[in-house]
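In what follows, chains are A, B, ... by sequence order, proteins preceding strands, each numbered from 1.
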Amino acid sequence: MMTILPQLIQALTETIQSLGYPEKEIKLSPPNNPEFGDLSTNLPLTLTKDLKLDPMAIAETIKDELNLSDANIDAITVTPPGFLNFKIGNTYYHQVLSEILENEQYGRGKSGEGLTANVEFVSANPTGPLTVGHGRNAVLGDTVANILEWNGYDVTREYYFNDAGRQMRILGQSVEARYFEILGKDYFFPEDGYEGNYIKSIAQTVLDEFGDDLKPADEQFKTQAEKAIFADIEKSLFKLGIHFDQFTNEKTFYENGEIDRFLEELKAKDLIYEKDGATWFRATALGKEQDRVYIKGTGEPTYRVPDTAYHRDKINRNFDLIIDVFGADHADTYPDVLLALDALGMKTEHIHVLLYQFVTLLRGGEKVKMSTRKANFVTMDELVEEVGADVVRYFFIMRSVNSHLNFDLDLAADQSEKNPVYYLQYAHARICNIIKHGESTGISSDEEAYDVSLLVHPAEIKLLKRLEQFPSNVENALDSLEPQTIANYLHDTANQFHKFYSECRVIAEDLPLSLARLALVKGTRTVLSNGLSLLGLTAPERM
RNA sequence: GCCCCGGUAGCUCAGCUGGAUAGAGCAACGGACUUCUAAUCCGUAGGUCACAGGUUCGAAUCCUGUCCGGGGUACCA
């Protein structure tokens, strides 16, 4: 079936050509006011200047010249100051419904077919449990990966971590201190050490497994801490329905020589120099305001170095699309990474950074200050335990990444029955119940012929119009990488369904109408269920 | 100082690649269940889209400036 939008654009293009008008990009969009029809274009307004004519007159001329006999257009109108409006015939929407019912995967796009994508997200170092702060990253990354997959991409979900740096060293020392504390021996708790109780239980585990004669600075303190914490992190992610295809360790790039090689190459381009006992990256030579330290006086590289080597590695793995999900605190660092890669002649245009603003947790109306080190945080596990994975995912995905997110714990927990995610799921559950009810009374559109053209009630048509927009909505989410648009779409669709439900009885005396409405209800279920699964939410059959 | 993000209803936020009368949820008020699920629907009330200029036929949306909040500007990540 031909979608109506390209059909209209083509007809308009041909018309302005035959009229000898200059070529313009043609935009068609649904007007706010339904009285103006289903699609409107400002084309006449954009032509006003070139033609030096009244836009209303241009609109009338185009209208008269348009040949839309093949399309399902019921009416074309012209409204001030110069809009051209199209009213789409119900037949078109009836065809859309038939299409949905033939295709369980309605809305799936093909633009990523044959392409690969890498989505790097979470990437929290294993120094403690995942906090709510990591939750936004995790849900965002996983949802974007879902969207890419749904559009045909072969997606690798990747978690990058660092177990060679300062944070991890202090983690090991923290465990070591608790170990000797348990043994009643002298111990040294590091400045900036990790204070959480989980450190003590890791120390106890080390004691149980390795005995009481470990010496200070034994590797096992750090190794066991990392192992235990990583196991917890993976468990927490699993509860949110998130899994990773690959974990990449920063250490790899030291061991395989990539970092040395990378530094050598920059040096060959005179982008590396020594000053004040440190090694610097000459970013100013590439247009930046200041140079950056690459290797500290202590001999330890700064995080930019392995990060850059890691990104080079991702580029070399030949993904068609590379996505990094970072918190706002990384806003200033990734440009340096890209800069160094550009300087080495690597292509970076296919790297997209998804930068999200921070989450503020509210409890009892108060901001909850969080620090992993101080163990003063709300973990993802606690949150998921309290409100459930669906609510957590929906809360994190329903807002734009550019917005600071206030997560009110009391609201999420206490008023969970009024949570918007239930609104969507309830629509799905209602649908399932209607279908079940139909079957119990011997009415099923699976078994009997139905006639979609019986759907003419305004509530039915409005719902159909929503369903028709699902594919373009998904496409839009893919292009913009803004998953909240899908959440918004689903909310509107559920709203249209609930209205339909309250106005139109599905299973009723009129058998042909019942069957047609049952078909509409099933089409709605397909859209809701596909949309919910894109967001990683469950689609319950009962609530 | 400079850079990034935000400022829209009482609260949390959509809408922002310029369109026609600015929306939702929560909170408030008033209606609708002998009916396929009332976790729903209908209605009322609620706005100087931070402020000031500019561009345009048209600005919440684009540009400039100011103010406020968050983040960054580390030899932390």
Under 3.5 Å, is there a donor-acceptor pair linking the side chains of [X] and [Y]?
{"X": "A/Glu274", "Y": "A/Thr279", "result": "yes"}
{"X": "A/Tyr194", "Y": "A/Gln173", "result": "no"}
{"X": "A/Glu158", "Y": "A/Thr248", "result": "yes"}

Contacts to RNA chain B from [range], heavy-atom cutoff under 4.0 Å, which residues?
{"range": "residues 76-88 of chain A", "result": "A/Thr79, A/Pro80, A/Pro81, A/Phe83, A/Asn85"}
{"range": "residues 515-525 of chain A", "result": "none"}
{"range": "residues 495-504 of chain A", "result": "A/Asn495, A/His498, A/Lys499, A/Tyr501, A/Ser502, A/Cys504"}

Handout entry: Side chain of A/Leu355 - closest among B/rC36, B/rA77, B/rC4
Key =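 Comparing B/rC36, B/rA77, B/rC4 against the side chain of A/Leu355, the answer is B/rC4.
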
Exercise for the section: Return the value, rounded to whole Å, for the distance between atom NZ of A/Lys49 and atom C1' of B/rG18. Expected result: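 So the NZ-C1' distance, A/Lys49 to B/rG18, works out to 14 Å.
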
Handout entry: Rounded distance (Å) that lies between atom C1' of B/rG71 and atom CG of A/Asn402
Key =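 About 13 Å, once rounded to whole Å.
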
Problem - Pairs flagged by ring-ring contact (aromatic ring centres under 6.0 Å, His included) wherever residues 473-496 of chain A is involved - sequence neighbours left out - result: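 Found A/Tyr423-A/His491, A/Phe470-A/Tyr489.
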
Is [X] touching bases, backbone alone, or none of the nucleic acid, heavy atoms closer than 4.0 Å?
{"X": "A/Asn42", "result": "base"}
{"X": "A/Ala487", "result": "nothing"}
{"X": "A/Gln484", "result": "sugar-phosphate"}

Expected list for residues 322-336 of chain A: side-chain donor-acceptor pairs under 3.5 angstrom, two or more places apart:
unit_1, atom_1, unit_2, atom_2, d
A/Asp324, OD1, A/His311, NE2, 3.4
A/Asp324, OD1, A/Lys314, NZ, 2.9
A/Asp324, OD2, A/His311, NE2, 2.6
A/Thr333, OG1, A/His330, O, 3.3
A/Asp336, OD2, A/Arg292, NE, 3.1
A/Asp336, OD2, A/Arg304, NH1, 2.4

Practice task
Classify the side chain of A/Tyr303 and the base of B/rA77 as holding, or not holding, a donor-acceptor pair under 3.5 Å.
Solution key: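 Answer yes: a donor N or O sits under 3.5 Å from an acceptor.
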
Exercise for the section: Look at the side chain of A/Ser40 and the base of B/rA20, then say whether one donor and one acceptor between them are separated by less than 3.5 Å. Expected result: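 For A/Ser40, whose side chain was compared with the base of B/rA20, there is a donor-acceptor pair (under 3.5 Å).
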
Exercise for the section: Please collect all salt bridge (charged side-chain N to carboxylate O under 4.0 Å, His left out) contacts where either partner lies in residues 49-63 of chain A, sequence neighbours excluded, each pair once. Expected result: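 Applying salt bridge (charged side-chain N to carboxylate O under 4.0 Å, His left out) to every pair that reaches into residues 49-63 of chain A, excluding sequence neighbours, yields A/Lys24-A/Asp50.
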
Practice task
Assign B/rC33 to syn or anti; the rule is syn for a glycosidic angle within 90° of 0 and anti otherwise.
Solution key: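 Syn, which is what one calls it when the glycosidic angle falls within 90° of 0.
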
Pull out every protein N or O sitting under 3.5 Å from an N or O of nucleotides 7-12 of chain B, one pair per line with the distance.
unit_1, atom_1, unit_2, atom_2, d
B/rU12, O2, A/Arg399, NH2, 3.4

Practice task
Check whether any side-chain N or O of A/Lys27 sits under 4.0 Å from OP1 or OP2 of B/rG18, and answer yes or no.
Solution key: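 So the side chain of A/Lys27 is within the cut-off, an N or O lying under 4.0 Å from OP1 or OP2 of B/rG18.
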
Fill in the blank from the handout: Symbol by symbol from the 5' end, with Watson-Crick or G-U pairs under 3.5 Å, [ ] crossing and | another strand, RNA chain B is ((((((((.[[[[.)...(...]]]].(((((.......))))).....[[[[[..)....]]]]])))))))....

Could you work out, with side-chain contact (heavy atoms from CB on, under 4.5 Å) as the rule, every residue matching [X], not counting sequence neighbours?
{"X": "A/Lys275", "value": "A/Tyr273, A/Trp280"}
{"X": "A/Asn85", "value": "A/Phe36, A/Ser40, A/Thr77, A/Thr79, A/Phe83"}
{"X": "A/Leu5", "value": "A/Ile9, A/Leu28, A/Leu39"}
{"X": "A/Glu475", "value": "A/Asp479"}

Practice task
For nucleotides B/rG10 and B/rC5, find the distance between their C1' atoms and express it as a whole number of Å.
Solution key: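 B/rG10 and B/rC5 have their C1' atoms separated by 25 Å.
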
Practice task
Could you work out the separation of B/rA74 and B/rG6 based on their C1' atoms and round it to a whole Å?
Solution key: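 Per the computed distance, 25 Å lies between those C1' atoms.
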
